[in-house]
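Okay, so here's the structure we're looking at.
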Amino acid sequence: MANYKVHDNPIRDEWVAKLGKVTSVKAATQFIQDFRKAHTTPLRTEHTLDLDYLWIESKIEEKLAVLRGDAFVDEDLLNLCTTGEAAGMVVKHWAQKMEKATDKYSAEKILIQFRQLYKPPVMPVNYFFTADTQMGSRLMELRNTNYYATSLPDLRKERGVKVLHLGVSKAAH
Amino acid sequence: MALSTATKAATDALSVNRAPTTVGPQEVHKWMQSFNWDFKNNRTKYPTKYHMANDTKEQFKIIAKEYARMESVKDERQFGTLLDGMTRLNAGNRVHPRWGETMKVASNFLEVGEYNAIAAAAMLWDSASSAEQKNGYLAQVLDEIRHTHQCGFVNYYFAKHYHDPAGHNDARRSRAIGPLWKGMKRVFADGFISGDAVECSINLQLVGEACFTNPLIVAITEWAAANGDEVTPTVFLSIETDELRHMANGYQTVVSIANDPAAQKYMNSDLNNAFWTQQKYFTPVLGMLFEYGSKFKVEPWVKTWNRWVYEDWGGIWIGRLGKYGVQSPASLRDAKQDAYWAHHDLALLAYAMWPTGFFRLSLPDAEDMAWFEANYPGWYDHYGKIYEEWKALGCEDPASGFIPLQWMIDKGHDIYIDRVSQVPFCPSLAKCSGSLRVHELNGQKHSFSDEWGERMWLTEPERYECQSVFEQYAGRELSDVIVEGHGVRADGKTLIAQPHVRGDKLWTVDDLKRANCKFADPLDKF
Ligand SMILES: [Fe+2]
Ligand SMILES: [Fe+2]
């Protein structure tokens with residue numbers, strides 16, 4: 001694992017340099033979406049940045065927010081995603097997707113993907129948080145219905161975990 | 001500039017519902033009852049599975065002027081006593097040093113809990129739709145602000161008056177070093193303010209306040225007084241008199257959702273998770289702070305726990321909520337077993353990892369050992385002998401270069417961190433109810449130490465992404481991490497943490513470096 005300091009480390013420097021080359025809203029949007037898909041949430045495809053991804057992500061957010069602030073007029077700041085899409089339409093589209101989800105695993109995937117793609121500053125906060133709350137409430141309902149109905153072994157299978165070790169429990173039951 | 005919707009709604013309501021011209025408490029209370037936050041779209045901005053009823057009553061009966069009067073009297077008592085009487089008696093220095101160290105943890109951590117309780121109560125204010133219920137939560141916000149100040153003041157007071165201020169004054173700076181802060185943030189921060197708003201209320205009010213403030217804020221005053229600390233009881237009892245009303249708020253949360261069909265679907269699993277979340281940390285940590293962080297013992301932790309957690313809360317309080325469909329949590333049985341051994345397990349690991357703290361720990365002496373064995377038969381053969389071996393190897397002496405953590409690694413007693421609670425767990429030495437589980441998901445390995453937490457993670461993996469200190473620091477040398485994480489005193493070389501509470505033989509960065517102890521992630525073996 002990483003034998004370097006928490007702050008001021010070579011990984012962070014490397015990403016700050018990469019980010020320095022990003023100069024437009026369009027490029028920064030692509031940059032943050034790619035980054036979030038690869039390095040954030042349980043759906044991430046890589047674990048190489050596990051120690052630093054939150055810091056790096058915050059730097060990309062900062063950059064995109066500044067670029068967006070310069071490029072957008074007030075009206076757009078409140079209503080437009082940095083992808084160029086109308087926030088209201090995007091939110092409607094994802095809410096419908098969530099509505100159609102019938103099981104917790106697909107609902108969870110929808111919400112995480114929504115966050116990877118649209119978490120601010122890609123989408124204006126006024127749209128994002130309302131949508132996230134509504135979708136999150138729906139996900140909670142699906143996850144918490146019959147919470148104990150599935151046994152742990154079956155739950156592990158459904159989740160797709162590889163069991164590496166199971167100790168013997170001294171628990172009372 | 002245009003008024004915000006909230007301000008406009010409040011202004012409109014005020015013009016319809018004029019404030020009373022006299023200030024009799026009953027009249028003011030009546031007015032507050034009829035005061036209504038009737039926003040057009042009264043939908044909370046926080047996610048929840050539940051629907052809170054519009055007509056819930058408030059049990060927080062003393063409000064507005066009466067409330068302010070009462071709290072100002074309580075504040076005067078506290079600050080007057082501390083700044084005048086106690087200071088003249090040199091109370092800050094009459095504390096047994098073991099207990100002085102315990103308060104570095106207890107008050108700094110409770111301050112975090114109080115701070116997050118401000119946000120939690122505010123979130124419930126936003127979520128509730130009954131005006132009376134909103135009043136109750138809003139007053140709780142004020143209380144929690146007061147408590148945050150009070151806890152901060154305890155550490156401020158000790159930093160000024162106690163002979164060893166390091167840790168009282170700057171605990172937060174060193175928060176990234178050890179595992180103890182992470183677990184505390186799980187119960188005191190995440191548990192109170194993340195996820196379903198009603199689930200947060202269950203964590204904060206139904207479990208945190210109704211169950212664990214009794215041992216955390218009341219029992220601690222007995223231990224404090226027994227160990228010469230007159231400061232903590234003055235402050236903490238002042239806090240606890242407010243907590244009673246917060247428990248009433250938790251009761252009203254349940255009442256407000258009782259008629260919602262959703263409540264019967266979700267409430268008991270939320271309660272079980274909340275109870276397990278809170279107990280997983282508090283049961284071992286409080287037991288450890290009381291029994292290992294004191295010279296003079298009050299009563300065995302298991303007895304306190306059984307009386308307040310098992311009988312008073314699990315039986316009587318939850319029993320009173322039975323008519324609303326609330327059941328005693330199923331995890332209470334495992335918790336009962338943990339109340340006996342889990343704090344001994346944790347104390348051993350905490351001592352093994354002593355350099356990562358922001359406080360000083362000490363080995364049990366002969367008198368302590370006799371007390372432990374008398375109250376927890378079997379203690380000596382399992383734990384006592386290890387402490388004796390560490391002492392013989394010179395764990396207290398900086399010249400020895402011996403860190404018990406190295407002993408753990410050399411003997412193959414790997415320490416794992418439970419992903420969900422962040423509480424450390426050593427499967428080869430633990431006597432608590434847990435067992436090690438290691439899973440790989442999407443290329444990442446995770447360890448767990450009990451089935452309740454494992455289920456929570458399997459259900460909501462994105463909620464438990466906190467890295468363990470072993471994952472963060474694998475490969476790094478201990479003193480290097482401690483220097484970077486601000487674990488050093490103002491002289492630039494002496495460690496804040498120490499493996500004893502004596503005045504001499506303090507460990508420095510160089511002593512630690514000589515031990516050449518390296519962080520390793522036990523999950524790498526799988
Ligand atoms: Fe409080
Ligand atoms: Fe409280």
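All values derive from a computational prediction rather than experimental measurement. Lettering of chains follows the sequences in order, A, B, ..., and the numbering in each one begins at 1.
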Interface moiety of Thr40(A) toward chain B, non-hydrogen atoms closer than 4.5 Å: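 Answer is neither: Thr40(A) stays 4.5 Å or more from chain B.
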
Tell me, side chain or backbone of Thr145(A) under 4.5 Å from chain B's heavy atoms, or both, or neither?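 Both backbone and side chain.
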
Checking His439(B) against Lys162(A) for the side-chain contact (heavy atoms from CB on, under 4.5 Å) test, could you report, in this order, the C-alpha distance in whole Å, the side-chain angles of both residues, the deciding distance, and whether it holds? CA-CA 6 Å; His439(B) 299 333; Lys162(A) 195 166 137 197; over 6 Å; no

Kindly indicate, with the supporting measurements, whether the criterion side-chain contact (heavy atoms from CB on, under 4.5 Å) is fulfilled by Glu460(B) and Arg143(A). CA-CA 8 Å; Glu460(B) 301 180 282; Arg143(A) 277 176 167 175; 3.3 Å; yes

Contact origin within [X] toward chain A - heavy atom pairs under 4.5 Å:
| X | answer |
| --- | --- |
| Lys336(B) | neither |
| Gln444(B) | both |
| Met267(B) | neither |

Could you tell me whether the side chain of Glu440(B) and the main chain of Val161(A) form a donor-acceptor pair under 3.5 Å?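 No, because the side chain of Glu440(B) does not come within donor-acceptor range (under 3.5 Å) of the backbone of Val161(A).
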
Are the side chain of Glu484(B) and the backbone N or O of Val6(A) linked by a donor-acceptor pair below 3.5 Å?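 Yes: the side chain of Glu484(B) pairs with the backbone of Val6(A).
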
May I ask you to check whether over 12 heavy atoms, not counting those of Asn146(A), lie within 6.0 Å of atom CG?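 For Asn146(A), atom CG is not crowded (no more than 12 foreign heavy atoms under 6.0 Å).
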
Should we say atom CG of Asp154(A) is surrounded by more than 12 heavy atoms from elsewhere, each under 6.0 Å from it?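 It does: Asp154(A) CG has more than 12 such atoms within range.
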
Compare every heavy atom of [Y] with every heavy atom of [X], then report the nearest pair and how far apart it is.
| X | Y | value |
| --- | --- | --- |
| Pro461(B) | Pro42(A) | C-CG, 4.0 Å |
| Thr133(A) | Lys45(B) | OG1-O, 2.8 Å |
| Leu43(A) | Asn442(B) | C-ND2, 3.8 Å |

Sort out for me which of [options] touches chain A most, counting heavy-atom pairs under 4.5 Å.
| options | answer |
| --- | --- |
| Thr459(B), Asp338(B), Asp450(B) | Thr459(B) |
| Arg455(B), Lys265(B), Glu199(B) | Arg455(B) |
| Asp480(B), Leu436(B), Leu441(B), Asn268(B) | Leu436(B) |

Which side-chain hydrogen bond (donor to acceptor under 3.5 Å, both in side chains) pairs, counting each pair once, include a residue from residues 415-426 of chain B, with sequence neighbours left out?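 Of all non-adjacent pairs touching residues 415-426 of chain B, those that pass side-chain hydrogen bond (donor to acceptor under 3.5 Å, both in side chains) are Asp418(B)-Ser421(B), Arg419(B)-His446(B), Arg419(B)-Glu471(B).
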
Evaluate the criterion side-chain contact (heavy atoms from CB on, under 4.5 Å) for residue pair Arg156(A) and Arg437(B); output intermediate values, then yes/no. CA-CA 12 Å; Arg156(A) 291 176 196 134; Arg437(B) 298 118 203 272; 3.9 Å; yes

Non-hydrogen contacts under 4.5 angstrom with chain B: give the residues of residues 92-110 of chain A involved, or none if there are none.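 Within residues 92-110 of chain A, the residues under 4.5 Å from chain B are Glu108(A).
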
Spatial distance of atom CH2 (Trp452(B)) from atom OH (Tyr148(A)) [nearest 0.5 Å]: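 If I round to the nearest 0.5 Å, the distance is 5.5 Å.
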
Side chains of Leu164(A) and Leu523(B): does their closest heavy-atom pair fall under 4.5 Å?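 They are not in side-chain contact.
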
So do Pro47(B) and Gln134(A) actually touch side chain to side chain, heavy atoms under 4.5 Å?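 The answer is no, as the side chains (C-beta and beyond) never meet within the 4.5 Å cut-off.
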
I'd like to verify something: which residue of Leu152(A), Thr150(A), Val163(A), Leu139(A) has the highest number of heavy-atom pairs under 4.5 Å with chain B?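 Option with the greatest count: Leu152(A).
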
Sequence neighbours left out, what passes side chain to side chain contact (heavy atoms under 4.5 Å, CB included) with Pro261(B)? Give chain and number order.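 Residues passing side chain to side chain contact (heavy atoms under 4.5 Å, CB included) with Pro261(B): none at all.
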
Taking only residues two or more places apart in sequence, or in another chain, which ones meet Asn144(A) in a side chain to side chain contact (heavy atoms under 4.5 Å, CB included)?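 Testing Asn144(A) for side chain to side chain contact (heavy atoms under 4.5 Å, CB included), a comparison that skips the adjacent residues, returns Met140(A), Tyr147(A), Lys49(B), Tyr266(B), Asp270(B).
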
Quick one, His165(A) with Phe526(B), criterion side-chain contact (heavy atoms from CB on, under 4.5 Å). Give me CA distance, side-chain angles, the key distance, then yes/no. CA-CA 8 Å; His165(A) 178 85; Phe526(B) 290 92; 3.5 Å; yes

Steps toward salt bridge (charged side-chain N to carboxylate O under 4.0 Å, His left out) verdict (Arg44(A), Glu465(B)): CA-CA 12 Å; Arg44(A) 51 160 81 73; Glu465(B) 292 218 296; 3.3 Å; yes

